[in-house]
A.B. asks: 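This is the structure I have questions about; it appears just below.
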There are 2 protein chains.
Amino acid sequence: MPINYFIEQLQAKGIKITPQRQEILHVFLSEENLHLSAEEVHSRITAKYPSMSLDTVYRNLAMLQEQGILTELNFGERKSLFEINNSEHHHHLVCTKCGGSQEIDFCPLDFMDRKKIINFKIEKHSFEIFGICANCME
Amino acid sequence: MPINYFIEQLQAKGIKITPQRQEILHVFLSEENLHLSAEEVHSRITAKYPSMSLDTVYRNLAMLQEQGILTELNFGERKSLFEINNSEHHHHLVCTKCGGSQEIDFCPLDFMDRKKIINFKIEKHSFEIFGICANCME
DNA sequence: ATGTATGCAAACTATTTGCACCCCC
DNA sequence: GGGGGTGCAAATAGTTTGCATACAT
């Protein structure tokens with residue numbers, strides 16, 4: 001998806017397109033499968049634009065998540081990671097040693113009997129497998 | 001499981017049984033399905049034993065988790081919750097409004113083809129469904 | 001007796017908030 | 001022009017750490 005896809009989506013809701021917001025989107029679109037913390041997003045941007053503040057990164061990650069453009073990942077560490085909703089719904093294998101992750105396409109919700117969940121309005125779900133990746137194995 | 005089951009398990013590893021450690025175990029064994037933060041454990045204990053420090057709670061929750069007696073739950077909030085490994089392996093429905101949770105017995109690992117996961121040593125996994133519970137629904 | 005565990009205080013990390021100024025629409 | 005967005009600084013929440021003392025074994 002080109003950056004304009006997301007920009008138009010924001011404009012349609014009356015959200016202003018600032019240079020800072022464009023930079024954040026650029027970061028997430030610059031590579032495949034990026035999982036970045038607020039700090040990491042910030043440092044990638046300040047390399048070029050030192051005036052970008054970390055607060056603004058936090059505020060906009062939250063906004064982009066509310067708008068459905070980013071997904072917040074909690075890999076059990078203290079800090080949240082974010083990924084852009086660019087590809088199919090997926091989950092992750094997370095290496096507990098290096099922190100790296102790879103995608104898996106299995107989704108538990110496809111296999112469980114949702115009728116068993118009554119009186120509960122499902123909003124979202126999380127599924128991660130933690131362990132040691134090939135690189136860290138030896 | 002009686003408290004002695006856990007105490008013996010700790011003693012067998014040469015871990016000292018202090019009054020503080022016993023109090024923490026008591027808290028988790030006092031009710032079914034408890035999911036408590038460090039702060040909550042601490043305040044339940046200080047009600048009776050005001051000298052218990054929060055640091056000690058943190059240190060011992062970590063120790064009990066390493067010993068396999070507690071499981072740390074990350075429901076996406078800032079703080080971790082802990083539950084005692086008393087019952088069958090299970091996952092949770094978590095209410096995003098009140099923070100409450102109920103157990104579900106479906107486990108994704110029973111349904112996915114583990115052969116698809118190669119070059120990765122599985123250590124643990126997480127699966128939670130988030131949404132609105134019956135109480136918070138109206 | 002010995003070394004681990006505790007309490008206290010202070011440090012730390014990730015994140016959030018108040019406020020005055022700025023700039024996108 | 002106006003209201004949302006930004007940077008700065010300070011506050012907050014949860015957790016961790018250093019150190020001297022206390023206590024379980």
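Reminder, nothing fancy here: chain letters follow the sequence lines and each chain counts from 1. Scope of the values below: all heavy atoms of this structure, side chains included, with no hydrogens, waters or symmetry mates.
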A.B. asks: Examine D:dT15: is either OP1 or OP2 under 4.0 Å from a nitrogen or oxygen in the side chain of B:Ser80? Give yes or no.
C.D. replies: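 Answer is yes, contact under 4.0 Å.
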A.B. asks: What's the closest nucleotide to the side chain of A:Arg59 if the choices are C:dA14, D:dA9, C:dG18?
C.D. replies: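 From the listed options, C:dG18 comes nearest.
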A.B. asks: If you go through the side-chain atoms of B:Asn60, does one of them form a donor-acceptor pair with the base of C:dA5 closer than 3.5 Å?
C.D. replies: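 Check fails, no donor-acceptor contact within cut-off.
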A.B. asks: Side chain of A:Pro19, heavy atoms from C-beta onward: which of C:dC24, C:dC25, C:dG7 has the nearest atom to it?
C.D. replies: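 From the listed options, C:dC24 comes nearest.
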A.B. asks: Strictly below 4.0 Å: does A:Arg21 bring a side-chain N or O up to OP1 or OP2 of D:dT6?
C.D. replies: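 For D:dT6, OP1/OP2 do have a side-chain N/O of A:Arg21 under 4.0 Å.
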A.B. asks: Between A:Glu72 and A:Lys124, does any NZ, NE, NH1 or NH2 come within less than 4.0 Å of an OD or OE carboxylate oxygen?
C.D. replies: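 Between A:Glu72 and A:Lys124 there is no salt bridge, as every charged N stays at least 4.0 Å from the carboxylate O atoms.
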A.B. asks: Closer than 4.0 Å, any side-chain N/O of B:Thr18 to the OP1 or OP2 of C:dT4?
C.D. replies: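 For C:dT4, OP1/OP2 do not have a side-chain N/O of B:Thr18 under 4.0 Å.
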A.B. asks: Without decimals, in angstroms, what is the distance between A:Leu81 CG and C:dT13 P?
C.D. replies: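 To the nearest whole Å, that distance equals 17 Å.
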A.B. asks: Rounded to whole angstrom units, what separation is found between the CD atom of A:Glu39 and the P atom of C:dT13?
C.D. replies: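 So the two atoms are 10 Å apart, to the nearest Å.
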A.B. asks: For A:His42 and D:dC8, give me the distance from atom NE2 to atom P, rounded to whole Å.
C.D. replies: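 Answer to the nearest Å: 9 Å.
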A.B. asks: Going by the angle between their ring planes, with limits at 30° and 60°, are A:Phe111 and B:Phe111 parallel, tilted or perpendicular?
C.D. replies: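 A:Phe111 and B:Phe111: tilted rings.
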A.B. asks: Is any N or O donor-acceptor pair between the side chain of B:Asp55 and the base of C:dA9 shorter than 3.5 Å?
C.D. replies: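 Between C:dA9 and B:Asp55, which were checked side chain against base, a qualifying N/O pair under 3.5 Å is present.
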A.B. asks: To the side chain of B:Thr56, which of C:dG7, D:dG5, D:dC8 is closest?
C.D. replies: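 When the side chain of B:Thr56 is considered, C:dG7 is the closest of C:dG7, D:dG5, D:dC8.
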A.B. asks: Counting heavy atoms from C-beta on, name the nucleotide in D:dT17, D:dT25, D:dT15 closest to the side chain of B:Ile17.
C.D. replies: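 Among the listed nucleotides, the one closest to the side chain of B:Ile17 is D:dT25.
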A.B. asks: From C-beta outward on B:Lys16, which listed nucleotide comes closest to its side chain: D:dA24, D:dG14, D:dG5?
C.D. replies: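 Minimum distance to the B:Lys16 side chain belongs to D:dA24.
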A.B. asks: Can B:Arg44 and B:Glu31 be counted as an ion pair, charged N to O under 4.0 angstrom?
C.D. replies: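 B:Glu31 and B:Arg44: salt-bridged.
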A.B. asks: Between B:Tyr58 and D:dT16, is there a side-chain N or O to OP1/OP2 distance below 4.0 Å?
C.D. replies: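 B:Tyr58 to D:dT16 OP1/OP2: no side-chain N or O under 4.0 Å.
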A.B. asks: The side chain of A:Gln20 is closest to which nucleotide in this list: D:dT15, D:dG7, C:dC24?
C.D. replies: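 Shortest atom-to-atom distance from the side chain points to D:dG7.
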